[in-house]
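Each remark here refers to the structure printed beneath this line.
It should be emphasised that the depicted structure is a prediction, and the values quoted were computed from it without experimental measurement.
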Amino acid sequence: MNKIVLLFCVTLLVTACSQSDTKDWKLIWSDDFSVDGVPDETKWSFSGRRSPNWACYCTDQPQNAEVIDGVLHLRGIRTENDADTVEYQTGCIQTKGKFSFQYGKLEVRAKLDQGQGSWPAIWLMPEKSVYGGWPKSGEIDVMEQLNFDTIFYQTIHTDYVDIQQQKNNPKHHATASFKKGEFNIFGLEWYPDRLDFLINGVKTFTYPKVEGLGSSQWPFDQEFYLILNQALGGSWPGPVNPEDLPVEMQVDWVKVYQLN
C-alpha cells in the first residue's frame, strides 16, 4: 500500500476512535466566584459545626470562607473571636438544599495549602439518604489531602465498605499525585455502573457497581450534593501545628455537567 494512503487511513482511524471516546457533556451548574465577599447564597450555605472531625471547627465567619478577585478562599485559622470556645476555625460550605445531582461530571479547580493538621476536601454526600444514615447511603470523596503530602486520597464509603469491611473487592480507594503549589482540576465522572476519578483530566481510579450486591455496595443511584472544606486536625491528619497556620484551599471554579 502507498505510504501516503496508509498514513491517511491511520489518521482516519485515530480520529474516529478519538471522536467515539469524546462524550457530549452539557454544563448544568457552575460557580466561578466572580463576586467578592461571602459565597453566592443562592448556591452555597455554611455547613455548620458538628461532632465529626472534619466539622468540629466549622464556622460561618466571612474570614473563613471568602471570595476575593474571583477565587474562593476556605481558611483554617486560629480562633480570633473571643466568644468562640474552640481553638481553631475552618471554612466549610455546601450545596445541600440548593443543588444536587445524579450522574454526570464534577470538576473543581483548586489549589491546596500545606501544614501539619491541614485537611482540605472536595466531596459528595446524599441529599436525602434514601438507604439510611452514614455510611449506608454512601459518600464520595473526590479529594482529601493531609498535612504536607504530595498525594491526595480518593475514597468511597458505603455499608459494603465500612460495615461489611469489603474494602478490596472491589478496591474502595486510591491515591494520586498533584501539582504542588499550583491549581489542579480534581474530577469525578459518575455513571450508572461506575465512578471514575480524575486529576487534571487523567483517570486515576474506577469504582464499579457489582451486580447482585444491591444498595449496600452501590447506593449511588440517588442525588448527591457537594461539600468544599478546609478542615484542621482530627484522628486522620493528626494534631495541628499552630505555627503552620493559616492554611487554605483556594477554589477557582466548580463545574457540574451531564451527558447531553
ask   = Less than 4.0 Å between a side-chain N and a carboxylate O, is that true for E66 and R75?
value = yes
task = Quick one: closest heavy-atom pair of Y103 and Q258, and the distance?
result = O-NE2, 3.0 Å
Under the side chain to side chain donor-acceptor pair (under 3.5 Å) test, residues paired with Y257 that sit two or more places apart = none
message = Closer than 3.5 angstrom, by distance alone: can the side chain of K136 be matched with the main-chain N or O of P219 as a donor-acceptor pair?
response = no
query = Taking the side chain from Q102 and the backbone from D221, do they hold a donor-acceptor pair closer than 3.5 Å?
reply = yes
ask   = Hey, what's the ring geometry for W25 with Y191, parallel, tilted or perpendicular (30° and 60° as the breaks)?
value = tilted
task = Following the transitive rule for hydrophobic clusters with a side-chain heavy-atom cut-off under 4.5 Å over Ile, Leu, Val, Met, Phe, Trp and Tyr, establish whether W134 and W54 coincide in one cluster.
result = yes
inquiry  = Main chain of S137, side chain of S129: is a donor-acceptor contact present, judged purely on distance under 3.5 Å?
reply    = no
ask   = In a check of side chain to side chain contact (heavy atoms under 4.5 Å, CB included) between D40 and each of L72, D31, V67, which one passes?
value = D31
message = Tell me whether the rings of W218 and Y207 are parallel (<30°), tilted (30 to 60°) or perpendicular (>60°).
response = parallel
key: V247 vs L232 side-chain heavy atoms within contact, under 4.5 Å   = yes
ask   = Does Y160 use its side chain to pair, donor to acceptor, with the backbone of N169 at less than 3.5 Å?
value = yes
